[in-house]
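Just so we're on the same page: letters track the sequence lines, and every chain starts at 1.
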Amino acid sequence: MKDLVEYMVKALVDNPEQVKVSEVQGEQSVIYEVRVAPEDMGKVIGKQGRIARSIRTIVKAACIKSGKKAVVEILE
Amino acid sequence: MRRSVEVSGKTVEEILERASRYFDVPKENLSYEVLSESRGFLGLLVPRTVRVRVWVESSDNQTEKSEPIVEIKKEQGKELESKNSDLKSEISDDENYQDLEKAREEIREFFENLIKKMNINIEYHVRENGRKVFLDIDGVDAGLLIGKHGETLEALESFLKILLVKNGYAHIGLDVDVSGYKKRREETLTKLACKMATKVIQGRRRFKFEPMNARERRIIHTTLKDHPRIITYSIGEEPERRVVVDLKNEKRKESNPRKHPTTRKNPKS
């Protein structure tokens with residue numbers, strides 16, 4: 001699933017080599033922390049967070065089968 | 001006289017091939033200059049595209065000097081000008097078509113990788129109809145890609161559209177559907193809109209729909225736009241924005257909806 005987050009984020013940004021995704025395992029959920037180059041922040045978040053919301057929705061859908069909740073956080 | 005044209009394509013060879021047909025001269029007589037080379041999608045396996053200016057020098061015509069084509073157009077009047085613009089539109093149609101094909105392949109490649117990483121079991125088909133790219137999805141796990149009230153489908157579609165824009169295909173439309181969900185939803189909404197219009201007329205009270213996304217609201221607006229006794233408008237802000245069906249120019253309990261503070265005039269919304 002980490003792969004998925006990374007793949008989607010890398011597709012959006014201009015500096016894919018600066019994309020870092022780390023996985024924090026919780027009991028019922030997994031948190032994916034996404035870090036991108038400062039100039040790419042806007043591309044990942046989008047107007048009113050629309051792109052970020054799309055990423056979250058798609059990742060959530062992919063996690064339904066695994067039964068664990070996924071949280072995607074975009075960090076500065 | 002010098003005739004030149006700018007073309008994009010996968011390889012210089014392919015472009016020269018097309019240009020030779022286009023100018024109707026053998027490839028050997030063409031000169032070219034590479035203007036730019038662009039990266040393929042995500043810089044992965046897809047072939048790069050090159051933009052090349054191709055020109056042909058021919059001595060048989062009225063103009064002896066090598067001149068920019070624009071100048072020649074002015075001197076030789078309308079006949080050549082119209083011929084020229086014909087050529088231009090032919091090339092640009094050709095380019096549009098190529099863009100469409102490229103966009104289709106990018107969507108296919110990206111989506112293929114995406115579903116692998118999502119680890120879901122679906123089938124899909126990517127096609128293009130000359131104007132737009134279509135991605136039709138079906139299969140065991142298709143439901144996952146629809147989501148609650150089509151939420152995941154919307155997210156997927158908007159994500160893919162953003163990718164198209166980012167990769168230089170902003171002018172190409174994309175339509176994603178999962179198991180005919182959007183089509184069915186459109187039929188349901190059209191019927192519902194008619195039913196609610198009747199109800200509003202009978203009950204003389206306005207009706208508020210559930211919150212819907214822009215595309216779905218639009219379906220309601222479009223269905224009722226020519227109704228003689230009904231008007232529709234939207235209230236609230238995304239994602240709670242909802243359509244209201246109301247009586248047109250008739251007495252009712254509420255004040256005129258056009259004065260409603262959150263009403264936007266644009267019927268598309």
Side-chain angles (χ1 to χ4, degrees), chain A residues 1-23 25 29-74, chain B residues 38-46 106-122 135 137 139-169 174 176 178 181 213-214 237-241:
Chain A
M1 212 46 66
K2 189 181 156 195
D3 262 13
L4 173 71
V5 179
E6 211 170 273
Y7 183 65
M8 290 178 76
V9 174
K10 280 188 175 169
L12 290 173
V13 299
D14 290 332
N15 307 289
E17 70 287 348
Q18 288 187 52
V19 173
K20 299 270 177 305
V21 179
S22 51
E23 197 177 85
Q25 290 280 353
S29 62
V30 195
I31 301 168
Y32 297 99
E33 295 178 338
V34 179
R35 284 184 179 79
V36 299
E39 63 268 30
D40 281 331
M41 279 302 272
K43 295 206 171 73
V44 181
I45 294 171
K47 203 163 74 185
Q48 292 179 329
R50 259 181 217 172
I51 302 176
R53 206 191 310 145
S54 294
I55 298 174
R56 292 194 178 105
T57 309
I58 295 169
V59 173
K60 258 188 227 160
C63 286
I64 290 175
K65 278 182 126 181
S66 71
K68 236 180 180 187
K69 225 178 120 190
V71 182
V72 178
E73 275 176 16
I74 295 152
Chain B
S38 71
R39 255 183 352 144
F41 188 53
L42 310 176
L44 299 175
L45 308 155
V46 172
E106 295 203 356
I107 290 287
R108 187 201 303 283
E109 189 192 335
F110 183 84
F111 191 66
E112 177 71 39
N113 287 326
L114 191 78
I115 56 172
K116 265 188 213 146
K117 291 181 199 305
M118 287 180 87
N119 196 19
I120 52 175
N121 184 4
I122 57 156
L135 171 60
I137 303 165
V140 185
D141 289 336
L144 286 180
L145 288 184
I146 298 176
K148 200 169 77 188
H149 303 305
E151 191 181 74
T152 311
L153 172 55
E154 288 301 322
L156 181 66
E157 187 175 77
S158 71
F159 189 87
L160 293 174
K161 277 180 180 165
I162 289 158
L163 283 189
L164 281 184
V165 172
K166 181 180 182 265
N167 290 289
Y169 300 104
L174 172 71
V176 184
V178 183
Y181 174 85
N213 64 39
E237 289 305 319
E238 300 267 17
E240 290 295 306
R241 202 162 165 78

Participant: Flag the one option from S158(B), A155(B), G147(B) with the top tally of heavy-atom pairs under 4.5 Å to chain A.
Facilitator: A155(B)
Participant: Tell me the closest heavy-atom pair linking M8(A) and L114(B), and the distance in Å.
Facilitator: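 Looking at all heavy atoms of both residues, the shortest contact is CG-CD1, 3.7 Å.
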Participant: Side chain from CB out, backbone as N, CA, C, O: work out which of these in L156(B) comes under 4.5 Å of a heavy atom of chain A, or both, or neither.
Facilitator: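 Interface part for L156(B): both.
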Participant: Output the distance between atom CD (E154(B)) and atom CZ (R53(A)), rounded to the nearest 0.5 Å.
Facilitator: 11.0 Å
Participant: Check whether L153(B) gets within reach of chain A through its side chain, its backbone, both or neither, counting any heavy atom under 4.5 Å.
Facilitator: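 Neither part, no heavy atoms under 4.5 Å.
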Participant: Measure across Y7(A) and E109(B) and return the closest heavy-atom pair with its distance rounded to 0.1 Å.
Facilitator: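 The pair with the smallest heavy-atom distance is OH-O, 4.1 Å.
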Participant: For residues T57(A) and F159(B), determine if any side-chain heavy atom of one lies less than 4.5 Å from a side-chain heavy atom of the other.
Facilitator: no
Participant: Holding to side chain to side chain contact (heavy atoms under 4.5 Å, CB included), I want the full list of residues that pass it with S29(A), two or more places apart in sequence or in another chain.
Facilitator: K69(A)
Participant: Output the distance between atom CD (E151(B)) and atom CD1 (I58(A)), rounded to the nearest 0.5 Å.
Facilitator: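 Result: 11.0 Å between the selected atoms.
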Participant: Could you measure the distance from the CD1 atom of I51(A) to the CD1 atom of I162(B)? Nearest 0.5 Å is fine.
Facilitator: 4.0 Å
Participant: Side chains of K166(B) and D14(A): does their closest heavy-atom pair fall under 4.5 Å?
Facilitator: yes
Participant: Looking only at heavy atoms, which two atoms of M1(A) and M118(B) are closest? And how far apart?
Facilitator: CE-O, 4.5 Å
Participant: Can T152(B) and K60(A) be said to form a side-chain contact (heavy atoms from CB on, under 4.5 Å), step by step?
Facilitator: CA-CA 9 Å; T152(B) 311; K60(A) 258 188 227 160; over 6 Å; no
Participant: Out of I115(B), N119(B), D141(B), I120(B), which one racks up the most heavy-atom pairs below 4.5 Å with chain A?
Facilitator: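 Of the options given, most contacts go to D141(B).
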